[in-house]
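Some notes on the structure that comes next.
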2 protein chains.
Amino acid sequence: MERGPLIRNASPMEPEDWHLVRSTPLFGRIPKDVTARLVGSSGPRCYEKGALLFQQGDPADAFYVILEGWVKIARLTSEGGEAVVGMFRRGETFAEAAMFLGGRYPANAEVVAPSRLLKIDGENLRKSIRENPDLALCMLASASHHLKFLVEQIEQIKLLSAPQRIADFLIQQCRTRRGSCVVVLPYEKALIANRLGMKPESFSRAIGRLRNLGVSVDHEYVSIADVSTLVAFVEKSEESERAR
Amino acid sequence: MERGPLIRNASPMEPEDWHLVRSTPLFGRIPKDVTARLVGSSGPRCYEKGALLFQQGDPADAFYVILEGWVKIARLTSEGGEAVVGMFRRGETFAEAAMFLGGRYPANAEVVAPSRLLKIDGENLRKSIRENPDLALCMLASASHHLKFLVEQIEQIKLLSAPQRIADFLIQQCRTRRGSCVVVLPYEKALIANRLGMKPESFSRAIGRLRNLGVSVDHEYVSIADVSTLVAFVEKSEESERAR
DNA sequence: TTGGCAATTTGATCCGCGTCAAAGTAGCGT
DNA sequence: ACGCTACTTTGACGCGGATCAAATTGCCAA
């Protein structure tokens, strides 16, 4: 079913893999033996950058847990336009919602960094839910999480300027909400740009305009003089004048 | 808990109400007695336009079925900006996913037309899920449905122009995909505009530019000469020149 | 080191949409 | 019919981000 090149099959689950799986909202409160049954016989698989996990229109018969790497979810239009709908990383699950539609994936999934993924079979899962309904409650919580994320993303695109969206993104990357901080951009700038709903050129210019808010960029390292300045900048659109 | 003015409380469930409830994806495949238990003792309630069902940040302890009317889901920012995130109508359910966030609603819910709503208690629901796991599968499917919708909305805002978004909206309103058609705008134009991520002025101008694609507007009635023309217009952004 | 390639930056220009303002309209109660 | 109000439309104008193009940088392999 996989289309992309596959580096290695069926490596065994390491202890830290189990730990990671149990840290996801989906499996966090599920008994370990149930989780093990869901993962099933097929272990994690390795993929290299560029691998396509599924394409929009494919039957949605599984979802994934990322043990390592990055996966991009995007929709393609007939003219070749692409809209990145989500970026998922180590410790996150994706496509679990699509699976329950009983139908087809609404978007493409592409590996954008060397990754190790766990594939969870849908039929298997449905059977397990009938045996352990609490599993369903955890999964519902997970779906809600994504829903909230999407709602926030819509809000962002609709009412924040490009520099504000970048500032918001940076804030999310660093743990703290005040003081200085250096964040490492998690993936290519063009990808971040797309995810924030803008072109790479606009991203470059916009992050440049954050300089007088104490943001300086050196390749993938972004140092922030005071995170609270950025927070204030995102909150109040009037302050956007300061960035000019 | 309701903030808005309430016209009438606890009217009885009519037979057609039951039919409507059972037509929702959530309750469609659920045994009738389970549904009845969920609906519980509290019957439908009537609300008038402007009533607030809940606000973002409120504890999410219930979701709703719309028996009649329209409900707007929107996020507010600190400066008073508003982003409409969803519009729900007769026969639809909303906030069922948010309920599982383990806490709070991520957005506001406002009645925008005289409505009759069924409120489903969250605690009650969780209990029922444990008894009937198939209910969970239905809810997961339903949540997924909303997720897909939001994903599509993000795509729309990101890569469609204002006239294209309106065209897409009109296509969704009429059943057919080709031939002529007259659609009745379901609610105020300003609301549609917000839902499509634009200002009322832009909506007015943009729908005007669809005239040479065979779209004419008379108050809330929009007649479309050939729906397939609009479909083509949304598909190919190159054709946007034709609308100028 | 050199050449080539991909990612990023910078510059110039264009156009869509937002903003502000004003002029229609329809609906509605008096 | 009148005037009030809310909604919609139209106009003028400016800004933000897209687009096209070219320069720059970093990276890797020959």
Side-chain angles (χ1 to χ4, degrees), chain A residues 49-50 72 77 79-83 112-113 156-167 169 184-211 215-222 233 237-244, chain B residues 48-50 72 77 79-84 112-114 156-167 184-211 215-222 233 237-244:
Chain A
K49 183 176 171 177
K72 174 182 76 178
T77 55
E79 321 119 46
E82 187 187 60
V112 292
Q156 257 202 16
I157 295 173
K158 277 188 178 174
L159 351 133
L160 266 51
S161 71
Q164 282 177 316
R165 275 173 283 171
I166 294 177
F169 179 81
V184 182
L185 298 181
Y187 35 84
E188 292 158 1
K189 294 181 182 180
L191 256 180
I192 300 176
N194 192 330
R195 200 213 167 257
L196 297 178
M198 68 189 82
K199 296 291 161 186
E201 301 95 314
S202 298
F203 178 85
S204 180
R205 282 185 242 270
I207 205 171
R209 280 199 263 153
L210 292 179
R211 199 173 334 274
V215 175
S216 58
V217 184
D218 178 42
H219 299 85
E220 70 262 41
Y221 297 97
V222 179
F233 173 64
S237 56
E238 295 87 276
E239 304 225 285
S240 62
E241 298 159 15
R242 256 209 270 163
R244 287 202 211 112
Chain B
E48 64 184 27
K49 182 175 172 177
K72 173 181 78 176
T77 54
E79 318 120 50
E82 186 188 58
V84 175
V112 293
Q156 256 203 13
I157 295 173
K158 277 190 178 173
L159 19 106
L160 265 52
S161 69
Q164 281 177 316
R165 275 173 284 173
I166 294 177
V184 182
L185 297 182
Y187 35 88
E188 292 159 1
K189 293 180 182 179
L191 253 181
I192 300 176
N194 193 332
R195 227 218 107 208
L196 297 177
M198 69 188 82
K199 295 290 159 185
E201 301 95 315
S202 298
F203 178 86
S204 180
R205 284 184 241 268
I207 205 170
R209 282 200 260 152
L210 292 177
R211 201 175 331 276
V215 175
S216 58
V217 185
D218 179 41
H219 299 86
E220 71 262 41
Y221 297 97
V222 179
F233 173 64
S237 56
E238 294 88 278
E239 305 224 286
S240 61
E241 298 160 15
R242 258 208 270 163
R244 286 204 213 112

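All values below were derived from every heavy atom in this structure, side-chain atoms included, with hydrogens, water molecules and symmetry-related copies excluded. Just so it is clear: chains get the letters A, B, ... in the order the sequence lines come, proteins before strands, and each one is counted from 1.
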Legend entry - Heavy-atom donor-acceptor pair, B/Lys189 side chain to B/His219 backbone, under 3.5 Å: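 Judged by distance alone, yes, a pair lies under 3.5 Å.
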Just how far, in rounded Å, is [atom2] of [N] from [atom1] of [X]?
{"X": "B/Leu159", "N": "D/dT19", "atom1": "CG", "atom2": "P", "result": "11 Å"}
{"X": "A/Lys158", "N": "C/dG16", "atom1": "NZ", "atom2": "P", "result": "21 Å"}
{"X": "B/Tyr221", "N": "C/dA26", "atom1": "OH", "atom2": "P", "result": "14 Å"}
{"X": "B/Ile157", "N": "C/dG18", "atom1": "CD1", "atom2": "P", "result": "11 Å"}
{"X": "A/Ile207", "N": "C/dT9", "atom1": "CD1", "atom2": "C1'", "result": "12 Å"}
{"X": "B/Tyr187", "N": "D/dT8", "atom1": "OH", "atom2": "P", "result": "13 Å"}
{"X": "B/Arg209", "N": "D/dT9", "atom1": "CZ", "atom2": "C1'", "result": "15 Å"}
{"X": "B/Leu185", "N": "D/dC7", "atom1": "CG", "atom2": "P", "result": "15 Å"}

In Å, rounded to the nearest 0.5 Å, how long is the span from [atom1] of [X] to [atom2] of [Y]?
{"X": "A/Leu160", "Y": "A/Phe169", "atom1": "CG", "atom2": "CZ", "value": "14.0 Å"}
{"X": "A/Leu185", "Y": "A/Ile207", "atom1": "CG", "atom2": "CD1", "value": "6.0 Å"}
{"X": "B/Met198", "Y": "B/Arg205", "atom1": "CE", "atom2": "CZ", "value": "12.5 Å"}

Inset, instruction - Could you tell me which non-hydrogen atom of B/Arg165 sits nearest to which non-hydrogen atom of B/Leu196, and how far apart they are? - result: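 Taking B/Arg165 first and B/Leu196 second, the nearest heavy atoms are NH1-O, 2.8 Å.
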Legend entry - Least distance between heavy atoms, B/Lys158 atom then A/Ile157 atom: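 Heavy atoms only, the tightest pair is CE-CD1, 3.6 Å.
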Legend entry - From CA spacing to verdict: salt bridge (charged side-chain N to carboxylate O under 4.0 Å, His left out), B/Glu188, B/Lys72: CA-CA 12 Å; B/Glu188 292 159 1; B/Lys72 173 181 78 176; over 6 Å; no
From C-beta outward on [X], which listed nucleotide comes closest to its side chain: [options]?
{"X": "A/Ser204", "options": "D/dG17, D/dC7, C/dT9", "value": "C/dT9"}
{"X": "A/Glu188", "options": "D/dG17, C/dT8, C/dC17", "value": "C/dT8"}
{"X": "B/Arg165", "options": "C/dG11, C/dC17, C/dT9", "value": "C/dC17"}

Legend entry - D/dG11 base / B/Arg205 side chain donor-acceptor hit below 3.5 Å: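 When only heavy-atom distances are counted, B/Arg205 does reach the base of D/dG11 through a donor-acceptor pair under 3.5 Å.
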Inset, instruction - Considering just the side-chain nitrogens and oxygens of A/His219, establish if one lies under 4.0 Å of OP1 or OP2 belonging to C/dT8. - result: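 Indeed not, no polar side-chain atom of A/His219 lies that close.
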Inset, instruction - Kindly state which residues belonging to residues 189-202 of chain B come within less than 4.0 angstrom of DNA chain C, counting heavy atoms of the residue only, listed by number. - result: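 Heavy-atom contacts with DNA chain C come from B/Gly197, B/Met198, B/Lys199, B/Glu201, B/Ser202.
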